[in-house]
J.: 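Got a structure for you, questions after.
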Amino acid sequence: MIKFDKFILDNGLKVIVHKDESTPIVAFNVLYNVGARDEKPEKTGFAHLFEHLMFGGSVNIPRFDKPLEKVGGENNAFTNNDITNYYLTLPKQNLETAFWLESDRMLSLAFSPKSLEVQKNVVVEEFKQSYLNQPYGDVWLLLKPLAYKVHPYQWPTIGKNIAHIENAVMKDVKDFYNKFYNPNNAILTIAGNVELKEIKILAKKWFGPIENKNSFVRNLPEEPTQENARELTVERDVPFDSIIKAYHICSRTDKAFYAVDLLSDILSSGQSSRLYKELYKKQQLFSDINAYISGDIDKGLMIIEGKLIKGIPMEKAENAIINELNKICSVLIDDEELQKVKNKVESNLIFAELSILNKAMTLSYFELLGDASQINEETNEYLRVTKEQIIEQAKTVFKPSNCSTLHYLAKNRD
């Protein structure tokens, strides 16, 4: 069980403190409640651009990394559809350096024209390398708008169009910062051999004086139920044909989430999983095949994707996938198969708790979802899932009308 304390500053900043006496390292995690879903359709990629800009220097600290490295610290960040998360680790005796650094860039970024141009160029280059010039790189640029027609999950974190970042101006980024980078839109979690009393003093000292620039109310359009199957076929200069099938699933906070997650594991977690055994090993239709969920806070996707063995017809490969999905929709799985995936999930969750940084990140995330204490119920939620719930979710998810399919064909080089 992970024990923690929680308090809220007058400016709305939520602070979570987890004491762990086993490590001399402290993890310092700041989660901002903003992701790609909060962008305007005509100005996408800003959450990710901002992740980069936050390392470009604040008013009082020109280079974020330099003072952190001097005290033996490391840092990084990530952005997804729902959140932007900044994290660092450093020796306990240098903890106040983390408060100084993170509070200063929450208070006021430098917003220099040079920093904006540098980071824009970095993101544009990342867009080109990862999404435009890499084999299969544009899959999400094609699949997301196929699966989503209303909800802003219809574009990836990098953005829907490289021009949105290229054309970003100072006013755009300042508006984004003032709207989302506020104490009442953030969750700070500190994990390590620390004392609650000390953290309260430091939090009030460094974060307490920061005023809220804005408060926003998220009002996103809900994606309507998909009524008809969708398909898109493209040709690209890639070595093998690929198929990607996207099925709409429930949100991260839905009670059905755990059954859906285990369903994806039954299909594709390890060499005893169904898709691996039947389609990779036995029928030898695919060189690689996987099933996984997006895990988004709003209604997400279950993705089934595979690269076909050369010479295998697309229709044959797709029918084989559908056949496996029909099996799991029509026959209850046995106890042993369900227990096997539960055991794997349980061991993964236990292993994750060994990392002080993982604990800090997860506490922040569950607090965003509604309650940090849910971290201690996560394993039980998976263990409570029944065979009946698995087949119920399979029937709900794997309806043909609920699927968007991308046929990604290799160009004929003959």
J.: Take R236 and D138 through the test salt bridge (charged side-chain N to carboxylate O under 4.0 Å, His left out) and record every step on the way to the result.
T.: CA-CA 10 Å; R236 294 290 188 268; D138 63 346; 2.8 Å; yes

J.: Just do the side-chain contact (heavy atoms from CB on, under 4.5 Å) check on H18 and I2 with the steps written out, would you?
T.: CA-CA 8 Å; H18 166 63; I2 298 175; 3.6 Å; yes

J.: Working to the nearest 0.5 angstrom, can you tell me the gap between L301 CG and H248 NE2?
T.: 6.0 Å

J.: Salt bridge or not for R105 and E102, using N-O below 4.0 Å?
T.: yes

J.: Identify, with sequence neighbours excluded, every residue that meets salt bridge (charged side-chain N to carboxylate O under 4.0 Å, His left out) alongside E378.
T.: R252

J.: Is there a side-chain contact between D298 and H151 (heavy atoms, below 4.5 Å)?
T.: yes

J.: Ignoring hydrogens and angles, state whether a donor on the side chain of S215 or N184 is under 3.5 Å from an acceptor on the partner side chain.
T.: yes

J.: Sequence neighbours left out, what passes salt bridge (charged side-chain N to carboxylate O under 4.0 Å, His left out) with E337? Give chain and number order.
T.: R274

J.: Which atom pair, heavy atoms only, marks the closest approach of A229 to P400?
T.: CB-O, 3.3 Å

J.: For the side chain of S347 and the backbone of K344, is there at least one donor-acceptor N/O pair under 3.5 Å apart?
T.: yes

J.: If you look only at pairs with a residue in residues 379-402, which of them pass as a ring pair (Phe, Tyr, Trp, His ring centres under 6.0 Å), with sequence neighbours excluded?
T.: Y247-F398, Y258-Y382

J.: List in chain and number order the residues that pass side chain to side chain contact (heavy atoms under 4.5 Å, CB included) with P135, two or more places apart in sequence or in another chain; answer none if no residue qualifies.
T.: V238

J.: Any side-chain donor-acceptor pair under 3.5 Å between D296 and N81?
T.: yes

J.: Between F50 and F180, is the ring centre distance below 6.0 Å?
T.: no

J.: Taking all heavy atoms of P91 and all of G72, pick out the closest pair and write down the distance.
T.: CD-O, 3.6 Å

J.: Using 4.0 Å as the upper bound for N to carboxylate O, is an ion pair formed by D172 and K43?
T.: yes

J.: Output yes when E223 and K149 qualify as a salt bridge under the 4.0 Å nitrogen-oxygen rule, no when they do not.
T.: no

J.: Counting C-beta onward and ignoring hydrogens, is there a side-chain heavy-atom pair between W155 and K144 closer than 4.5 Å?
T.: no

J.: Can you tell me how far CG of N185 sits from NZ of K14, rounded to the nearest 0.5 angstrom?
T.: 10.0 Å

J.: D335: which residues meet the salt bridge (charged side-chain N to carboxylate O under 4.0 Å, His left out) condition with it, sequence neighbours left out?
T.: K387

J.: Give the intermediate values and the outcome of side-chain contact (heavy atoms from CB on, under 4.5 Å) for residues M314 and I243.
T.: CA-CA 8 Å; M314 177 64 74; I243 183 170; 3.9 Å; yes

J.: Assess the side chains of D288 and Y276: does a donor N or O sit below 3.5 Å from an acceptor N or O?
T.: no

J.: Is there a donor-acceptor contact under 3.5 Å linking the side chains of Y177 and N182?
T.: no

J.: Are K282 and K277 side-chain neighbours, meaning at least one heavy-atom pair lies under 4.5 Å?
T.: no

J.: Go through it in stages, so that I can follow the logic: the residues are F78 and Y86, the test is side-chain contact (heavy atoms from CB on, under 4.5 Å), and I'd like the CA-CA distance, side-chain angles, deciding distance and then a yes or no.
T.: CA-CA 7 Å; F78 65 86; Y86 301 87; over 6 Å; no

J.: Could you tell me which non-hydrogen atom of L116 sits nearest to which non-hydrogen atom of A168, and how far apart they are?
T.: CD2-O, 4.5 Å

J.: Applying salt bridge (charged side-chain N to carboxylate O under 4.0 Å, His left out), can you list everything that pairs with D38, at least two apart in sequence or on another chain?
T.: R218

J.: Do I391 and I328 make a side-chain contact, defined as non-hydrogen atoms from C-beta onward lying under 4.5 Å apart?
T.: no

J.: Answer whether the closest heavy-atom distance between the side chains of F64 and E69 falls below 4.5 Å.
T.: no

J.: Does atom CD (Q93) have a neighbourhood of more than 12 heavy atoms from anything else shown, all under 6.0 Å?
T.: yes

J.: Does V341 offer a backbone N or O that forms a donor-acceptor pair with the side chain of D265 under 3.5 Å?
T.: no

J.: For K255, give me all partners under side chain to side chain contact (heavy atoms under 4.5 Å, CB included), at least two apart in sequence or on another chain.
T.: none

J.: Measure the shortest side-chain to side-chain distance between E381 and Q374 over non-hydrogen atoms and say whether it is less than 4.5 angstrom.
T.: yes

J.: Are the side chain of S273 and the backbone of G270 linked by a donor-acceptor contact shorter than 3.5 Å?
T.: yes

J.: For H164, what residues pass the side chain to side chain contact (heavy atoms under 4.5 Å, CB included) criterion, not counting sequence neighbours?
T.: T44, K160, N161

J.: Show the atom names and distances, to 0.1 Å, of all donor-acceptor pairs under 3.5 Å that link a side chain in residues 361-369 to residues at least two apart or in another chain.
T.:
unit_1, atom_1, unit_2, atom_2, d
T362, OG1, N358, O, 2.7
S364, OG, N29, ND2, 3.2
S364, OG, T189, OG1, 2.6
S364, OG, A360, O, 3.3
E367, OE1, K6, NZ, 3.1
E367, OE1, A372, N, 3.1
E367, OE2, K6, NZ, 3.1

J.: Indicate the atoms forming the closest heavy-atom contact of L308 with F240, along with that distance.
T.: O-CB, 3.8 Å

J.: Side-chain contact, heavy-atom cut-off 4.5 Å: F28 with T89?
T.: no

J.: For a side chain to side chain donor-acceptor pair (under 3.5 Å) check, start with the C-alpha distance between D82 and Y153, then their side-chain angles and the critical distance, and finish with the verdict.
T.: CA-CA 9 Å; D82 303 311; Y153 285 165; 2.6 Å; yes

J.: Looking just at side-chain N and O atoms, do D65 and N75 make a donor-acceptor pair shorter than 3.5 Å?
T.: yes

J.: Regarding K299 and S251, is there a side-chain donor-to-acceptor distance under 3.5 Å anywhere?
T.: no

J.: What is the distance from atom CG of L279 to atom CG of L285, rounded to the nearest 0.5 Å?
T.: 6.0 Å

J.: Are the side chains of N193 and T23 in touch, meaning some heavy atoms are under 4.5 Å apart?
T.: no

J.: Will you find, in the side chains of E278 and Q283, an N or O donor that is under 3.5 Å from an N or O acceptor?
T.: yes

J.: Any chance you could lay out the side-chain contact (heavy atoms from CB on, under 4.5 Å) test for F99 and I190, step after step, and finish with the verdict?
T.: CA-CA 10 Å; F99 278 93; I190 296 138; 3.5 Å; yes

J.: Could you give all pairs that pass the side-chain hydrogen bond (donor to acceptor under 3.5 Å, both in side chains) test and reach residues 303-317, with sequence neighbours left out?
T.: Y292-E305

J.: Taking atom CG of L338 and atom CD of Q389, what is their separation to the nearest 0.5 Å?
T.: 9.5 Å

J.: I'd like to check the side-chain hydrogen bond (donor to acceptor under 3.5 Å, both in side chains) partners of Q339; sequence neighbours left out, ordered by chain and number.
T.: N343

J.: Below 4.0 angstrom, N of the basic side chain to O of the carboxylate: do E117 and K120 qualify?
T.: yes

J.: Holding to side chain to side chain contact (heavy atoms under 4.5 Å, CB included), I want the full list of residues that pass it with E388, two or more places apart in sequence or in another chain.
T.: L332, T386

J.: Under a 4.0 Å N-O cut-off, is there an ion pair linking E227 with K399?
T.: no

